[in-house]
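Quick caveat: nothing in here was measured; it's all calculated off a predicted structure. Lettering follows sequence order; numbering is per chain, from 1.
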2 protein chains.
Amino acid sequence: MNPHPDLSSSAARALSEIRRRGAVARVDLVGPLDLSFATVSAATTELMEAALIEETPDTAAPGRGRPRTLLRLRPDALHVAGAKLNDGFITVAVLDFCGDVLATASTDVPKGRIATALLVEQLDRTLHAALRGTALEKGDLAAFGFGLPGFVETESGLCRWSPLLSDAPVNVRDALSARLSCPVVIDNDANLAALAELWFGKGRHETDFLVVTVEHGVGLGIVLDGALFRGARGLGAEFAHMKVQIDGALCRCGQRGCLEAYVADYALAREAGLAVEPGDRDAMLEALARQATEGHEISASIYRRAGRMLGLGLANLVNILDPPLIILSGETIRHHHLLAEEIERTLRANALSIDRPPVRLSVHRWGDQLWAHGAGALALDRLAMAAGDGAEARQAG
Amino acid sequence: MNPHPDLSSSAARALSEIRRRGAVARVDLVGPLDLSFATVSAATTELMEAALIEETPDTAAPGRGRPRTLLRLRPDALHVAGAKLNDGFITVAVLDFCGDVLATASTDVPKGRIATALLVEQLDRTLHAALRGTALEKGDLAAFGFGLPGFVETESGLCRWSPLLSDAPVNVRDALSARLSCPVVIDNDANLAALAELWFGKGRHETDFLVVTVEHGVGLGIVLDGALFRGARGLGAEFAHMKVQIDGALCRCGQRGCLEAYVADYALAREAGLAVEPGDRDAMLEALARQATEGHEISASIYRRAGRMLGLGLANLVNILDPPLIILSGETIRHHHLLAEEIERTLRANALSIDRPPVRLSVHRWGDQLWAHGAGALALDRLAMAAGDGAEARQAG
DNA sequence: CAAATTTAATTTGACTATCGAATTTACTGT
DNA sequence: ACAGTAAATTCGATAGTCAAATTAAATTTG
């Protein structure tokens, strides 16, 4: 039943290099993996025998000598699913081994905090719905990745706190794993976004970058040396509560001056009352966005301040972590270019760059289903790591 | 001439574990290194043959069975020296393999920025002075570690900028290496402090912590997973320029609101004019410190604000990196408990701690010569890494 | 006090991952 | 056809590792 019959560590590394590059000849793996040709040959043979990759002829104009045969992932080598919990709904995606989305499904859940039991119930249901669009059954899934906002310990599977769960701390991974009867990985939703960028997005050819998501809250995923960085004690970076103003605006965490208290939906809504007609929160936010886009000065200034605070927070991150690239994504970013502009301006003004190229800033607009895509990446990532660890464990034992 | 005849990677790991633990039996290395007894035996034999360690009988009350023989470092296995550049003087220390200081020496240099040529000249001279107190000659040194404030790239040996160098960017390492004819490692001075804590200080039994130094400026060293973290692009963390106040006080870097602009000597001096009798800068700072200690409210408030800003910066670090321990050290910390108290208060108020033990804060008072001690640790660290790399390179080549 | 017991450390034999060098394979160009 | 060239595999050697057997040095027990 084990989808990855234990791979040797070089085979695992070769696999992830093939994934990153799409289609690549064996020769071209020698350099990046820093292995001898002999070892690359052994590793790729292992991957072929495990039916994880397949050969494909080189389409490039042939030169002299034996033409290279390219290697690529076999899409149907295995399948995973991923999901993300949002405020009010759940999105599920089913992915093949290449990371292509085969099907998605979405289900509404009550807004605000829900119980883990209900979450598990609804996730199972939504997964079934998604699977109906494919030739797969639940038993065909090699792993399931799940992302949610809050403080999540991937290692233990524990969610210590989430704005969308009523009964945290709770071991969401074990609860899900029991229901779906397949391996489950959970993570903070910003980490999903980072992983999605690393595996399939703009971070594909990078080893160090930050992903900042702006939606109901602010999220940060840190990729260092080609892997997610989860902090010294396994909890993700709590960027949302970086202090950008001493004794500043009140945050829902109870502290003052948190970045989130200037940038999150609820923070914008707090100020929107002075700029738009009163109404319910969502309507006011929508009006605020519309007015800002149309050039209404007060509305625009609300977004500008949010962007300014976010830019300042990013500058602080740049000064500490020194990443060459920052990727901005999420719903709010998508709608409001004003925000992005102000972020960039403030970042440039406040980040040090000494005698070297300044940090690149890249805005990646993407929608909800792609969060689930990221959750799939999380599942694939865990499989890859398991394969690597398996080899090490075998060698060590 | 190579002091560490290439060690296998397990031997290198065993060596650093022996260093950390002081004296340890072979059995007790099995667990921490996660190796079989057979491999530990082979590794320690290798270290014995390289004359890096020696046996010593166990002094503990004997139990049943064969008594364990302890292993410890041989102090005279090799020697290193380290130095730190301060504003106005240079300190050098000569260390044995255990990290014990055999001799130190100090030389005055002109205050402010000096040329690299002069630095090298004076370092060589000071090193000779220190060596006169020992039975060693320059040729007996296996490596030389050097720390200075500023933006330093350890990998390339380049100092991109320093408040104490007039001709940066300049490759200080190569310049020093040519003069001393032994391998040289250079690093940011805060990283030295972190390394000294990791090898010999309060971080000895920790794998993740921050070291914050407060002197003329503010420095930060980050230890993650038992090794110095130098940022994605090899430059240290620029904590001094974290923004703690948007559009805040003017910093000597030209930006506004930098932590340093509230905490560094020059920042305190800027405010001191309103609290003490006018005079030259050092005299004013001394008067300020004295008055604050004696309870003079205005003077105390200047330190309190500095501590508050520093605490806020630390809280931001904690939220991003989630370290279990922060070590505060440096001159200013030593003199002003007011600062330390305010740091702790603000840190506690602004760092998130979710359902887990809060970060520990530890104040480590130490003087100038111990910076040089850290520089020695840097040299030892590089030797250890070189030994490990040597083994890997040999295996890979 | 000799034999049994206990714990520490080494040796042995086997296995795996790796490498460099030699070889095989599959093309192009003349 | 056949030399030339580049890609990929095979081969023999080596280093690092482990489990199991063995040796070593002490204490406890009869």
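With A:F144 as the aromatic partner, A:R173 does not meet the cation-pi criteria of under 6.0 angstrom to the ring centre and within 45 degrees of the ring axis. Stacking of B:R360 on the aromatic ring of B:F209 is not recorded, the 6.0 Å distance cut-off and the 45° axial limit not both being met.
At a threshold of 4.5 Å between non-hydrogen side-chain atoms, the residues A:L47 and A:L7 count as touching.
Between A:D58 atom CG and D:dA8 atom C1' there is a gap of 14 Å when expressed in whole angstrom units. Residue A:L33 contributes atom CG, which lies 14 Å from atom P of D:dA8 at whole-angstrom precision. Straight-line distance from the CZ atom of B:R26 to the P atom of C:dT7: 19 Å, rounded to whole Å. The CG atom of B:L29 sits 14 Å away from the P atom of D:dT17 (whole-angstrom rounding). Distance B:E46 CD to C:dT10 C1': 16 Å, rounded to the nearest Å. Here the P atom of nucleotide D:dA8 and the CG atom of A:L47 are 14 Å apart, to the nearest Å. Between B:L70 atom CG and C:dA8 atom P the separation is 11 Å, expressed in whole Å. A:F37 has its CZ atom 18 Å from the P atom of D:dT5, to the nearest Å.
Nearer to the 5' terminus of DNA chain C, by closest-nucleotide assignment, is the contact made by B:R68 (compared with the other of A:P67 and B:R68). Nearest-nucleotide mapping onto DNA chain D: of B:A38 and A:G65, the residue sitting toward the 5' end is A:G65. Position along DNA chain D of the nearest nucleotide to A:R64 versus A:S41 favours A:R64 as the more 5'-ward residue.
With D:dA8, C:dT11, C:dT18 as the candidates, the nucleotide lying closest to the side chain of A:S9 is C:dT18. The nucleotide whose nearest atom lies closest to any side-chain atom of A:S36 is, among C:dC19, C:dA17, C:dA8, C:dC19.
Judged by distance alone, with hydrogens and angles left aside, the side-chain atoms of A:D225 form no donor-acceptor pair with the main-chain N or O of A:D208 at under 3.5 Å.
Between B:S8 and the phosphate of D:dG16, there is no side-chain N or O to OP1/OP2 separation shorter than 4.0 Å.
For B:F200 and B:H373, the ring centers sit closer than 6.0 Å to each other.
Side-chain atoms of A:R66 come within donor-acceptor range of the base of D:dA7, with a qualifying N/O pair under 3.5 Å.
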